[in-house]
Enquirer: 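Quick one: the structure is below, and I'll ask about it shortly.
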Amino acid sequence: MAATTIPTTPAPSFGQRAPGLLLAVLVALAALGLGRVAPLVGGPVFGIVLGILVRNVFAPGGTYTPGIQFAGKQVLQWSIIALGFGLSLDQVARTGLESLSVTLVTITVAFLAAWGLGRALKVQDKLKILIGVGTAICGGSAIAAVTPIIKPDEHDTAFAISTIFLFNLVAVLLFPLLGHVLHLSDLGFGLWAGTAINDTSSVVAAGYSFSKAAGDYATIVKLTRATLIIPICLVLALLVAWREKKQGQSDFSLKKIFPWFILWFLVASGLRTAGLIPAAIQPAIHMAAEFLIIVALTAIGLSANLRRMASTGARPVLLGLGVWAAVSVSSLLVQLAIGQL
């Protein structure tokens, strides 16, 4: 029997996208300013929170939908590519090898805990993946990277980022105190913070609260850990492709589902590593990458339905707590086993 051809809908024009894009940019500018005032929270979190508030208080109409969807998907991919320009692969290679054993164990623990606890708590699969990836790798950035691959509902993405942020905040306040109580060395604490706290800004805040040496080491460990989002995205893309093929979808295409933005991320990082990005423009690129991800996460907030998020209940928060605790404890145990505390 011949496969049914589904007619394609033409992509919206720039004029159709303009109202939603402008709304996302304006809200993102406010989030960027608030992030400067309260760096512990950060612009991306303010972006998604303000987006949710605007969506649920002012209820922008359908005119804004094409631009909001474009910002939440395409701009999201651009932000990940732009982040590549700020990551020099040779800069983190040595520290990456030193911390690789701890990093691999904590990532494995994060995914196993997300799968096991998620099944026990009956959390749906895509939300489990988002919370697992966010906890295992680098918080909101990792969630942003896998979103175009697994295509979750917007409220799931918003819920996952909010959950990850909650435990980042707890970690920033709690980790330095526990580090001193446990008499961790500067390198031991830096490795703990770099492998067990999700968002880069939170890693930096916790690390330098303990000591300058701990902060320096934690930052490099965190950057190394962030590079692992590349193989994880590729694995997820292959799994999604295999599932679609198994389900017999007639429009299945590995080329269509492959996360090409990850390839461009590698190209951007390679240019930085080769020294082809002038030092004078690197701060501007970093600022552009930061703003793009704020715009994208603001758009996700503008798409999120607060009532649907509330109906999800406390189970995803409990899942986030369980995964975060498992990662934190496993990092310390591995360091104790190999004598790096």
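As a basis for the values below, the full set of heavy atoms in this structure was taken, side chains included, without hydrogen atoms, waters or symmetry mates. Small disclaimer: the values here were computed from a predicted structure and weren't measured.
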Enquirer: For Thr163, which of Val317, Leu319, Leu127 qualifies under side-chain contact (heavy atoms from CB on, under 4.5 Å)?
Expert: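 One option only clears the test, and that one is Val317.
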Enquirer: Between CD1 of Ile137 and OG1 of Thr106, what distance do you get to the nearest 0.5 Å?
Expert: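 Result: 8.0 Å between the selected atoms.
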Enquirer: What I'd like to find out is whether the side chain of Gln335 reaches to under 4.5 Å of the side chain of Leu184, using heavy atoms alone.
Expert: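 Not touching, per the 4.5 Å side-chain cut-off.
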Enquirer: On a heavy-atom basis, which atom in Ala268 and which in Ile81 lie closest, and how many Å separate them?
Expert: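 Ala268 and Ile81 have their closest heavy atoms at CB-O, 3.6 Å.
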Enquirer: Are Val329 and Leu336 in one and the same hydrophobic cluster, where Ile, Leu, Val, Met, Phe, Trp and Tyr link if side-chain heavy atoms are under 4.5 Å apart?
Expert: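 Different clusters: Val329 never reaches Leu336 through Ile, Leu, Val, Met, Phe, Trp or Tyr contacts under 4.5 Å.
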Enquirer: Do you know the tightest heavy-atom contact between Val203 and Ala193?
Expert: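 So the minimum-distance heavy-atom pair works out to CG2-O, 3.7 Å.
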Enquirer: Is there a path of hydrophobic side-chain contacts, each under 4.5 Å between heavy atoms of I/L/V/M/F/W/Y residues, joining Leu333 to Val327?
Expert: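 In one cluster: no.
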Enquirer: Of all the heavy-atom pairs spanning Ala326 and Ala113, show the shortest one and how long it is.
Expert: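 Distance-wise, the nearest heavy atoms are CB-CB, 4.1 Å.
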Enquirer: Just by distance, do the side chain of Arg17 and the backbone of Pro66 share a donor-acceptor pair under 3.5 Å?
Expert: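 Flag not set: sc Arg17 to bb Pro66 has no pair under 3.5 Å.
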Enquirer: Working to the nearest 0.5 angstrom, can you tell me the gap between Leu53 CG and Leu302 CG?
Expert: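 Going from the CG atom of Leu53 to the CG atom of Leu302 covers 10.0 Å.
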Enquirer: When you compare the side chain of Leu21 with that of Tyr64, does any pair of heavy atoms fall below 4.5 Å?
Expert: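 Answer no - side chains too far apart.
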Enquirer: Do Leu182 and Leu177 share a hydrophobic cluster, counting only Ile, Leu, Val, Met, Phe, Trp and Tyr and linking them when any side-chain heavy atoms are less than 4.5 Å apart?
Expert: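 No; Leu177 is not reachable from Leu182 via cluster members.
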Enquirer: Quick one: does Gln282's side chain have a donor or acceptor within less than 3.5 Å of a partner on Ile277's backbone?
Expert: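 Side chain of Gln282 to backbone of Ile277: a pair is present.
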Enquirer: Name the orientation class of the two ring planes belonging to Phe175 and Phe189 (parallel below 30°, tilted from 30 to 60°, perpendicular beyond 60°).
Expert: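 Phe175 vs Phe189 ring planes: perpendicular.
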Enquirer: Only pairs under 3.5 Å count here: list side-chain donor-acceptor contacts from residues 28-35, not counting sequence neighbours, and write none if there are none.
Expert:
none

Enquirer: So, do Ile197 and Trp192 sit near enough that their side-chain heavy atoms are less than 4.5 Å apart?
Expert: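 They are not in contact (no side-chain heavy atoms under 4.5 Å apart), so the answer is no.
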Enquirer: Is it the case that the ring center of Phe291 lies less than 6.0 angstrom away from the ring center of Trp78?
Expert: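 Ring centres of Phe291 and Trp78 not closer than 6.0 Å.
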Enquirer: Rounded to the nearest 0.5 Å, what separates atom CD1 in Ile129 from atom CG in Leu236?
Expert: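 It is 6.0 Å, given to the nearest 0.5 Å.
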Enquirer: Any side-chain to backbone donor/acceptor pair from Thr135 onto Gly132? Under 3.5 Å, distance only.
Expert: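 Looks like no, no N/O pair under 3.5 Å.
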Enquirer: Would you mind listing every salt bridge (Lys or Arg N to Asp or Glu O under 4.0 Å) that reaches into residues 20-37, with sequence neighbours excluded?
Expert: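 Residue pairs with at least one partner in residues 20-37: Arg36-Glu290.
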Enquirer: So which pairs with a foot in residues 102-126 pass salt bridge (Lys or Arg N to Asp or Glu O under 4.0 Å), sequence neighbours left out?
Expert: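 Listed by first then second residue: Asp125-Lys128.
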Enquirer: What residues form a side chain to side chain donor-acceptor pair (under 3.5 Å) with Thr195, not counting sequence neighbours?
Expert: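 Side chain to side chain donor-acceptor pair (under 3.5 Å) list for Thr195, sorted by chain: Ser331.
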Enquirer: First locate atom CD1 of Ile68, then atom CZ of Arg55, and finally report the distance between them rounded to the nearest 0.5 Å.
Expert: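 Rounded to the nearest 0.5 Å, the CD1-CZ separation comes to 8.5 Å.
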Enquirer: Going by the side chain to side chain donor-acceptor pair (under 3.5 Å) test, which pairs reach into residues 18-35, not counting sequence neighbours?
Expert: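 Qualifying pairs, neighbours excluded: none.
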Enquirer: Looking at every heavy atom in both Thr157 and Pro152, which two are closest together, and how far apart are they?
Expert: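 Between these two residues, the closest heavy atoms are OG1-CG, 3.4 Å.
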Enquirer: Do Leu50 and Thr298 have side-chain heavy atoms sitting under 4.5 Å apart?
Expert: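 Leu50 vs Thr298: side chains apart.
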Enquirer: Tell me whether Val133 is reachable from Trp115 by hopping between hydrophobic residues (I, L, V, M, F, W, Y) whose side-chain heavy atoms are closer than 4.5 Å.
Expert: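 In one cluster: no.
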Enquirer: Ignoring hydrogens, what is the shortest heavy-atom contact between Pro316 and Val123? Give both atom names and the distance.
Expert: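 Heavy atoms only, the tightest pair is N-CG2, 4.2 Å.
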Enquirer: Distance check, rounded to the nearest 0.5 Å: Phe159 atom CZ versus Ile143 atom CD1?
Expert: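 So the gap between those two atoms works out to 12.0 Å.
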Enquirer: Indicate, with yes or no, if Val57 and Leu23 share a hydrophobic cluster defined by side-chain heavy-atom contacts under 4.5 Å among Ile, Leu, Val, Met, Phe, Trp and Tyr.
Expert: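 Yes, same cluster.
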Enquirer: How long is the span from the CZ atom in Phe167 to the CG atom in Leu321, to the nearest 0.5 Å?
Expert: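 So the gap between those two atoms works out to 4.5 Å.
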Enquirer: Report yes if the side chains of Leu130 and Ile150 come closer than 4.5 Å at any heavy-atom pair, otherwise no.
Expert: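 Touching, per the 4.5 Å side-chain cut-off.
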Enquirer: Taking atom NE2 as the centre, does His180 end up with more than 12 heavy-atom neighbours from other residues, nucleotides or ligands that are less than 6.0 angstrom away?
Expert: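 Count over threshold, so yes.
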Enquirer: Under 3.5 Å, is there a donor-acceptor pair between the side chain of Arg225 and the main chain of Gly194?
Expert: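 Side chain of Arg225 to backbone of Gly194: a pair is present.
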Enquirer: Who pairs with Val170 by side-chain contact (heavy atoms from CB on, under 4.5 Å), at least two apart in sequence or on another chain?
Expert: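 Val170 satisfies side-chain contact (heavy atoms from CB on, under 4.5 Å) with Leu174, Trp324 only.
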